[in-house]
> 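Following this message is one structure expressed as structure tokens.
In this chain, numbering begins with 1 at the start of the sequence shown. These numbers were taken from a predicted model, which means no experiment stands behind them.
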Amino acid sequence: MIPKISINPNTNLRQKDLIRLGEQMLHEVNSEFPVIHSYTRLKSRIGKVENLPEYQQIAGGMKNILKRFFINILKTHEYCADLHYCKDANPGGKLEQMLKEHPYADCAEMMTLLYYRLKKIGLPFKAIRWEVRDVGDTPIDRHYFILTGFKKGAQGSRPKTWGDAVVMDAWSNFVLPYQKAFAIYENGLPNDKYLKLHLKEEILG
């Protein structure tokens, strides 16, 4: 059982309290969405299946069923990508409903679930995109997470300005001081000296 913590957004919470709060929120998200499959992996599998000779022999009706299934999942991702200018009264609630109907998501959707929960309680936070770029400055991988507990004047693209900030990562399922979170992220990167890391703050509605 995750201990509850009451929040006063006008009070500077200690790092350990922010970690408890993040764990509480992750517990709520995991309870509400106990099974979330990877959209990226699903898309890759569908792409491979479509290239198989066996798929080409499937009757048109079955192909249409597969297409409709994938299109419905795609709508969830398009909706999440459009949240920064979304006019819906409750965009977080709509995204939750879409994920309950089609439980396929990636880090952006999972980050968005936390985004609207934190926005509702008024706690200051930033949505951050971590991007890996090659020598030609082309993005080859990206990841989204929530940052909170940063000091006044912190810039989303400059970790040295963050102070005792905490990373809330719903996709990786952890809440950690940002230094420990980054150690986990960097450990998963290819050992390539030409890769560059780029951070950017995302502004959602």
Side-chain angles (χ1 to χ4, degrees), residues 1-40 76-77 80-81 83-84 90-93 95-96 99 103 105-132 141-189 197-205:
M1 185 72 179
I2 305 293
K4 291 270 184 181
I5 178 170
S6 58
I7 295 300
N8 179 352
N10 297 317
T11 303
N12 290 326
L13 294 175
R14 293 173 298 176
Q15 189 179 70
K16 67 177 185 179
D17 291 328
L18 286 169
I19 290 173
R20 282 176 56 209
L21 170 66
E23 290 173 343
Q24 175 185 313
M25 287 193 158
L26 277 189
H27 177 73
E28 292 171 1
V29 168
N30 290 333
S31 297
E32 195 168 349
F33 303 93
V35 179
I36 292 287
H37 304 285
S38 169
Y39 161 79
T40 300
T76 304
H77 292 263
C80 188
L83 283 176
H84 61 289
N90 181 14
L95 176 64
E96 289 183 358
L99 284 174
D106 276 333
C107 53
E109 288 77 28
M110 299 303 288
M111 179 271 291
T112 305
L113 292 178
L114 286 181
Y115 184 102
Y116 283 104
R117 280 168 167 77
L118 287 165
K119 192 172 182 179
K120 193 178 292 185
I121 64 175
L123 188 72
F125 66 94
K126 297 178 184 291
I128 304 293
R129 181 177 70 195
W130 161 295
E131 204 166 70
V132 182
D141 197 9
R142 61 181 51 142
H143 185 64
Y144 295 84
F145 58 85
I146 291 291
L147 185 77
T148 189
F150 43 82
K151 63 183 182 181
K152 188 176 181 180
Q155 300 175 36
S157 60
R158 297 183 60 202
K160 288 182 179 179
T161 69
W162 292 356
D164 294 327
V166 169
V167 166
M168 298 182 181
D169 188 334
W171 183 248
S172 303
N173 199 36
F174 63 62
V175 181
L176 292 169
Y178 87 86
Q179 297 92 335
K180 291 185 178 180
F182 275 34
I184 292 173
Y185 295 149
E186 289 170 350
N187 190 50
L189 294 176
L197 299 177
H198 179 79
L199 292 166
K200 180 183 178 184
E201 182 178 349
E202 295 286 311
I203 308 298
L204 301 184

> For the CE atom of Met110 and the CG atom of Leu114, what is their distance to the nearest 0.5 Å?
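Nearest 0.5 Å value for the CE-CG distance: 7.5 Å.
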> Return the CD to CG distance between Gln15 and Asp17, rounded to the nearest 0.5 Å.
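Result: 10.0 Å between the selected atoms.
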> Would you check if the side chain of Ser172 reaches a backbone N or O of Asp169 as a donor-acceptor pair within less than 3.5 Å?
no
> Determine whether Trp130 and Glu186 make a side-chain contact, defined as any pair of heavy atoms from C-beta on separated by less than 4.5 Å.
yes
> Could you tell me whether the side chain of Glu109 and the main chain of Asp106 form a donor-acceptor pair under 3.5 Å?
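Yes, because the side chain of Glu109 sits within donor-acceptor range (under 3.5 Å) of the backbone of Asp106.
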> With sequence neighbours excluded, tell me which residues meet ring pair (Phe, Tyr, Trp, His ring centres under 6.0 Å) with Phe174.
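Ring pair (Phe, Tyr, Trp, His ring centres under 6.0 Å) check on Phe174 returns Tyr185.
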> Ring centres under 6.0 Å, that's the criterion: do Trp171 and Tyr144 meet it?
no
> Of the non-hydrogen atoms in Cys107 and Arg142, which two are nearest, and what is the gap between them?
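Closest approach of Cys107 to Arg142, heavy atoms only: SG-O, 4.3 Å.
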> Run Leu176 and Val166 through side-chain contact (heavy atoms from CB on, under 4.5 Å) and show every step you take.
CA-CA 6 Å; Leu176 292 169; Val166 169; over 6 Å; no
> Which heavy-atom pair separates Ala154 from Trp162 by the least distance, and what is that distance?
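Here Ala154 and Trp162 meet closest at CB-CD1, 4.0 Å.
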> Any donor and acceptor pair, going by atom type alone, linking the side chain of Tyr178 with main-chain N or O of Pro159 inside 3.5 Å?
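Yes, because the side chain of Tyr178 sits within donor-acceptor range (under 3.5 Å) of the backbone of Pro159.
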> Can you tell me how far CG of Asn30 sits from CG of Asn173, rounded to the nearest 0.5 angstrom?
4.5 Å
> Quick one: pull up CZ in Arg14 and CD1 in Ile19 and give me the separation to the nearest 0.5 Å.
11.5 Å
> Looking only at heavy atoms, what is the nearest atom pair of Met111 and Ala127, with distance?
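That would be SD-CB, 3.8 Å.
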> Does a side-chain heavy-atom distance below 4.5 Å link Pro103 with Phe33?
no
> Between CE of Met25 and CG of Leu113, what distance do you get to the nearest 0.5 Å?
11.5 Å
> Does any non-hydrogen side-chain atom of Leu118 lie less than 4.5 Å from one of Ile146?
yes
> Indicate yes or no: at least one non-hydrogen side-chain atom of Ile128 is less than 4.5 angstrom from one of Lys200.
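Side-chain contact under 4.5 Å: no.
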> May I ask you to test the Leu123-Leu21 pair for a side-chain heavy-atom distance under 4.5 Å?
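The answer is yes, as the side chains (C-beta and beyond) meet within the 4.5 Å cut-off.
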> With rounding to the nearest 0.5 Å, note down the distance linking NE2 in His198 to CZ in Arg129.
6.5 Å
> So, for Val175 and Gly22, which heavy atoms are closest and what is the spacing to 0.1 Å?
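For Val175 and Gly22, the tightest heavy-atom pair comes out as CG2-C, 3.5 Å.
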> Less than 4.5 Å apart, side chain to side chain, heavy atoms only: is that true for Leu199 and Phe182?
yes
